[in-house]
Novice: 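This is the structure I have questions about; it appears just below.
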There are 2 protein chains.
Amino acid sequence: MSQPDTKTRILDAAEQLFARDGFHHTSLRSITGQAKVNLAAVNYHFGSKEALLQAVFERHLLPLNRLRQERLQQVLEAAERAGRPPAADRLLRAFIEPTLAFRQAHPNNRAFIALIGRSMVEMDSTVRDCFSRLIEPLFRLLLCGLQRALPQLPPAILLTRLRFALSAMAHTMCMPDRTPLQIDSSSAPLDGGELAEQLIRFTCAGLEAPC
Amino acid sequence: MSQPDTKTRILDAAEQLFARDGFHHTSLRSITGQAKVNLAAVNYHFGSKEALLQAVFERHLLPLNRLRQERLQQVLEAAERAGRPPAADRLLRAFIEPTLAFRQAHPNNRAFIALIGRSMVEMDSTVRDCFSRLIEPLFRLLLCGLQRALPQLPPAILLTRLRFALSAMAHTMCMPDRTPLQIDSSSAPLDGGELAEQLIRFTCAGLEAPC
DNA sequence: GTCTATACGATGATAGAC
DNA sequence: GTCTATCATCGTATAGAC
């Protein structure tokens, strides 16, 4: 088996280490060490540590976002044809299911999805701004669909509730079984599919609560 | 007006800068610069940057947690006396309202609550571990109360839903009007009290959703 | 006890030789 | 494209003044 090229080796190492240790706790020296390339190769190929983060995001997030956007638009168009508003749970499902499918498609993808979850709730402006640029068009589409699904909610209320829902989603993606509660439950943790179902049920009930 | 002592000046500066820029983007030099103390004063008074973070947490979180614990126990005891399970929304309210009241008690407290919100969703293990130690007994009490309020939910499901709820709470605390959606809503943002009401309504509906 | 000045090793980043 | 050398800045540690 031939080694992937320098750029790919750096991306692979960075994705894994960013997801495991976080952006700021990952040094370029640890990335280049694991990728078996020279320290300066990162700056040559990507320009900076921050630009490397963006490249890591774009490699998988652009295709994944295309998938989610297609699913969302299918739901919206089907509702349009039927002459009734889309169902909130179908919209949420169109958003969540491709993410889960991607995560389960390959063992390496777990690290990427964890990184995405971290980034959705990241307070650090370096990481958050970089991620926000890539994800916001999709969030906007979801909000637009939910406005049609739940026309009784004032826009400000819906936006607030969507933020609640996205926060819950983010945590589910990055730490399916740990935080913010570290409590060691005696019962077995939920598997990926069951967790996604619970997430959809929870957020849907919250979004649809009387106003 | 006499200056507060060195230790307090460091705590004040650190609290503000940690909340604004995050733990890792705040250098000890910027803290000691703003506090107008010598760089080495941090290590003398607190031992390390991480120990300083813990001191910042403890200064306000220990009293606030006592308040929240009292409120939670009042709800639990009132239900006990009435011979019926506590209401989920009362438990959530006992948790959220003292937090909001503290935040509105003094302008400087806003930075601290933002820091707490950041810490609840913090991926970085330095910040999260330090914070978790202080907050987990309270989370445990809340979980315990919710188990009585919602006995029909299997423990694993309830724990999962509580994690969803806490994630939404965390974001509300640290960024009442911005993230993860940066979308500039045309409608006016909700004020603090209304936001808390929406949060209680959302999380309560999610927790009580059929299983 | 408090505080200051200063130094150390590691980091992200860059310039220039090859 | 790659690598070595170098830089400013980071958290930390310590010696010694007051």
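Chain letters run A, B, ... following the sequence lines, proteins first, then strands; residues in each count from 1. In this text, all values refer to a predicted model and were calculated from it rather than measured experimentally.
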Novice: Between A:Arg90 (side chain only) and A:Leu72 (backbone N and O only), is there a donor and an acceptor less than 3.5 Å apart?
Specialist: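 Not at all, since once roles are kept as given, no pair shorter than 3.5 Å links the two residues.
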Novice: What integer distance in Å separates A:Lys36:NZ from D:dT2:C1'?
Specialist: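 Atom-to-atom, A:Lys36 to D:dT2, this comes out as 18 Å.
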Novice: Rounded off to whole Å, could you give me the CD1-to-C1' distance for the A:Ile10 and C:dG12 pair?
Specialist: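 Whole-Å distance recorded here is 15 Å.
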Novice: So, is B:His45 close to the C:dG1 phosphate, meaning a side-chain N or O under 4.0 Å from OP1 or OP2?
Specialist: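 No.
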Novice: How long is the line joining CZ of A:Phe46 and P of C:dT14, in whole Å?
Specialist: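 Going from CZ in A:Phe46 over to P in C:dT14 covers 15 Å.
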Novice: Under 6.0 Å from the ring centre and within 45 degrees of the ring axis: does the NZ or CZ of B:Arg68 meet both conditions for the six-membered ring of B:Phe95?
Specialist: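 Yes, cation above the ring, under 6.0 Å and within 45°.
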Novice: May I ask you to check whether B:Glu70 and B:Gln74 show a side-chain donor-acceptor distance below 3.5 Å?
Specialist: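 B:Glu70 vs B:Gln74: no donor-acceptor pair found between side chains.
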Novice: Can you find a side chain N or O atom of B:Asn38 that sits less than 4.0 Å from OP1 or OP2 on C:dA5?
Specialist: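 Checking B:Asn38 against C:dA5: at least one side-chain N or O falls below 4.0 Å of OP1 or OP2.
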Novice: Scan residues 36-50 of chain A for pairs that pass side chain to side chain donor-acceptor pair (under 3.5 Å), counting only residues two or more places apart or in two chains.
Specialist: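 Every candidate side chain to side chain donor-acceptor pair (under 3.5 Å) pair involving residues 36-50 of chain A fails, so no pair, neighbours aside, qualifies.
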Novice: Taking atom types as modelled and ignoring hydrogens, do the side chains of B:Ser132 and B:Asp129 form a donor-acceptor contact shorter than 3.5 angstrom?
Specialist: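 Absent: no donor and acceptor within the cut-off.
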Novice: Where along nucleotides 11-18 of chain D does protein come under 4.0 Å, by heavy atom, of base (B) or sugar-phosphate alone (S), with - for untouched nucleotides?
Specialist: BBBB----
Novice: Would you indicate, yes or no, if D:dG1 has its OP1 or OP2 atom less than 4.0 angstrom from a side-chain nitrogen or oxygen of A:Thr6?
Specialist: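 Result: no.
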Novice: Mind telling me whether A:Phe57 and A:Phe131 have parallel, tilted or perpendicular rings, with 30° and 60° as the class edges?
Specialist: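 Aromatic pair A:Phe131/A:Phe57 classed tilted.
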Novice: Ignoring backbone atoms, establish whether B:Tyr44 has a side-chain N or O less than 4.0 Å from OP1 or OP2 of C:dC3.
Specialist: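 Looking at the OP1 and OP2 atoms of C:dC3, neither is under 4.0 Å from any side-chain N or O of B:Tyr44.
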